[in-house]
Amino acid sequence: MKKFITVIATITAAAMAAAPVMAATELTVFNSKSEIQTQYEEEAAVYSEEKGVDMTVTMSNDPVITHMGTKYASNDPYVLSMVDAKDIYSLTPEHGIDLAGTDAAADTDYAIEIDGKVAALPFCVEARGVMYNKTAIEDITGEEFDPASVATLDDFTALLDKLVEGGMEAPVAIMSEDWSLAAHYLAQVVEEQEDPEAFVAQLLAGEADIINNAKFNSLMDTFDVLMKYNYAQGGAAATADRNTSEDMLAWGDVAFMFGGNWDWSLIVQSESDSEMGMMPVPQNTDDGSNEKLVGGGSKYYFIDSSVSEEQQQAAIDFLNWMAVDPEGQEFVTNTCALVSPYKSNTLEVSDPLSVSVKAYADAGNLIPNYNFFPDDHITVVGALMQKYLGGELDREGLAEDLTEYWKGASIIEH
Amino acid sequence: MKRNTTSYKVTQYLMFAGPATVLFCAVVIIPLVYGFYLTFTSWDGISASKPFVGAANYAAAFGDGDFWVALGRTLIYSAIAVILVNVMAFFLFFLVPRGIKGQNFFRAGFFIPNLIGGIVLGYIWQFVFNKAITAIGENLNIGFLKNSWLSTPSGAMACMIIVAVWQYAGYMMLIYVAGFMSVSKSLIEAAQIDGCTQSQATWKVIVPLMRASFVQCLFLTITRCFMVYDVNLSLTNGEPYNSSVMAAMHVYRTAFTNRAFGTGQAEALILFIVCAIVGVTQVYVGRKGEVSA
């Protein structure tokens with residue numbers, strides 16, 4: 001018995017001594033894109049096996065900054081973190097390394113540079129616009145639907161009337177979520193200005209004449225039309241359930257909904273076989289913005305500067321793999337069904353909304369995101385837009401409240 | 001060994017209360033003090049530096065109109081919910097009197113909502129208000145049930161109160177039952193021998209002797225309603241248009257969503273003080289007239 005115990009103890013001691021030598025480099029990854037967590041975890045297992053690293057992917061539903069704050073406070077940062085573009089400006093100056101010189105950085109136009117350094121690299125390209133159900137439209141009109149034919153609000157309204165006449169009671173769904181209304185729709189008022197930075201400076205100084213601003217009125221004219229044909233009205237519109245709206249679009253109960261290619265993850269669950277796509281927000285304008293989607297690089301990676309060099313290198317290797325390696329490209333495009341922001345990735349995307357986004361991106365028809373909105377922009381402006389959507393606020397009231405809000409706001413430093 | 005020496009007392013204290021003291025300090029005292037310290041900084045929640053800004057966060061908190069609106073809303077919600085929860089709890093307590101068949105089953109049934117986490121409970125009720133009730137309204141053509149109550153500010157508030165009553169009434173009922181159990185049977189019998197009717201015995205003897213239960217129930221419901229967050233998040237998420245944002249949700253949004261950590265912490269402290277004043281006053285007033293057998 002004594003001999004047996006000695007043998008076991010020796011084996012255990014040897015294993016413990018050898019463990020640090022044999023341990024694979026630990027690559028902890030933070031994923032803020034919840035809809036791909038399962039695919040990401042599965043890929044991490046395969047990647048770990050193939051590359052000899054110990055890759056773990058963690059996801060959190062907390063606000064990114066809250067979650068990252070906890071990790072940094074406990075001195076246990078992720079090696080590689082995927083966060084929103086605006087978070088990069090507050091996280092990387094203190095915690096990120098320069099990614100210049102990596103294969104991935106050389107392969108994209110969407111990297112974020114801060115003070116001459118490549119602070120972050122994108123995971124995908126995402127864009128906003130009006131999603132449409134082509135099948136539902138064609139079933140009623142009997143004609144092939146060309147999104148370019150409804151670029152102006154007048155043409156768009158005529159089509160909506162035609163759909164109503166054809167029996168589609170309410171051809172539009174509007175998402176009531178504050179982030180959709182404030183950070184996606186109304187944000188376009190800033191993003192579609194000739195000089196967004198100058199316009200924001202005017203807003204902050206209280207000098208922007210919002211109610212007489214052409215872009216504000218153009219987008220709100222369209223929003224009024226969307227509201228008029230929305231399936232929910234009044235208070236019900238301001239609290240409409242997103243899943244219901246996505247279902248209605250997928251099944252052709254409505255034909256149009258403002259959103260982005262990330263909505264596909266919900267639409268696909270409806271298992272509808274309708275043909276779908278995305279088009280720019282129709283506007284009566286001649287500045288060309290009604291021919292472009294708004295978007296660009298999305299979900300940005302940065303590498304922590306406090307982890308070991310081996311870990312940093314493992315993270316760089318993963319980013320390069322994701323950008324230029326055929327297997328990594330396969331992961332982004334086919335496994336996650338996303339548009340890759342890397343030029344060498346020429347794979348065809350599978351989801352129809354991303355097909356539209358890629359077509360606009362490849363043609364250079366994306367208006368860049370403005371990533372520096374104040375932190376409370378979504379909750380405050382989102383509530384104002386919900387009030388407008390619920391009929392509790394008119395356009396003048398909205399403009400006044402926006403003016404007041406911006407006077408006391410502070411944008412993300414960049 | 002001398003038992004009245006300081007070292008003996010310290011050793012005894014450390015042996016018996018040491019672990020609890022360490023834990024209490026680690027999870028209550030230190031975070032409280034650290035949180036208080038953060039109210040004097042402009043920390044963004046992630047940076048290593050925490051610049052000292054004096055009382056600026058308190059000035060910001062006192063000047064934050066939305067916070068006071070949310071606090072006022074919480075006061076109204078708490079006042080109505082506390083009354084209704086306790087009325088319902090007392091009603092349930094009477095509804096399931098001692099001796100009826102299956103009393104434990106009914107008591108357990110009424111208590112179960114309290115075992116469901118607030119987040120889950122909020123989502124369940126959201127489904128009830130948004131889908132089930134509206135479907136009944138549509139099918140039976142009942143006007144006020146056709147639209148979700150969650151779509152209007154007053155409706156959302158009413159929904160929050162309904163859920164609070166559903167969640168806490170069973171729990172408070174148990175405390176009333178425990179209070180009733182502690183009333184000596186001999187006193188009730190004595191009252192009845194002296195000529196009290198059932199109702200007189202209830203209101204003149206049992207209820208006064210259950211005063212401690214009332215104090216306890218009121219304190220629990222007041223503090224829980226004041227600090228409501230989970231149900232608020234999953235049931236309304238502050239909608240429509242931030243009209244159902246309660247104080248705790250506003251504090252969370254200020255600190256974490258808007259990344260004004262210091263201001264959020266200052267507002268949390270104000271909320272804590274208001275809640276403590278209301279709670280302690282209620283206990284003090286409640287205990288003052290307490291009687292015991």
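- There is no contact between B:Asn130 and chain A, counting heavy-atom distances below 4.5 Å.
- Contact record, B:Tyr241 with A:Ala238: CE2-CB, 4.0 Å, taken as the closest heavy-atom pair.
- For chain B, no part of A:His377 is nearby; none of its heavy atoms comes within less than 4.5 Å.
- Between the OG1 atom of A:Thr66 and the CZ atom of B:Phe261 there is a distance of 8.0 Å, given to the nearest 0.5 Å.
- The number of heavy atoms from other shown groups lying within 6.0 Å of CG (A:Asn75) does not exceed 12.
- In this structure, the side chains of B:Arg259 and A:Ser90 come closer than 4.5 Å at one or more pairs of heavy atoms.
- Nearest heavy atoms, B:Ser151 versus A:Gly235: CB-O, 3.3 Å.
- The number of heavy-atom neighbours closer than 6.0 Å to NZ of A:Lys117, taken from other residues, nucleotides and ligands shown, is 12 or below.
- Within a 6.0 Å radius of CG in A:Asp115, other residues, nucleotides and ligands contribute 12 heavy atoms or fewer.
- Using a 3.5 Å distance cut-off with no hydrogens or angles, the side chains of A:Thr244 and B:Lys131 do pair a donor with an acceptor.
- If you take NZ on A:Lys387 and CG on B:Asn242, they are separated by 8.5 Å, rounding to the nearest 0.5 Å.
- No more than 12 heavy atoms of other residues, nucleotides or ligands lie within 6.0 Å of CZ in B:Phe272, so this atom counts as exposed by the packing criterion.
- Put simply, CD on A:Gln386 and OG on B:Ser243 are 9.0 Å apart, with the number rounded to the nearest 0.5 Å.
- For A:Leu91, the part lying under 4.5 angstrom from a heavy atom of chain B is the side chain only.
- For the pair A:Thr379 and B:Thr257, the minimum side-chain heavy-atom distance is below 4.5 Å.
- In this structure, no portion of B:Ser148 lies under 4.5 Å from any heavy atom of chain A.
- Annotation: the span from A:Ile65 atom CD1 to B:Asn258 atom CG amounts to 12.5 Å, rounded to 0.5 Å.
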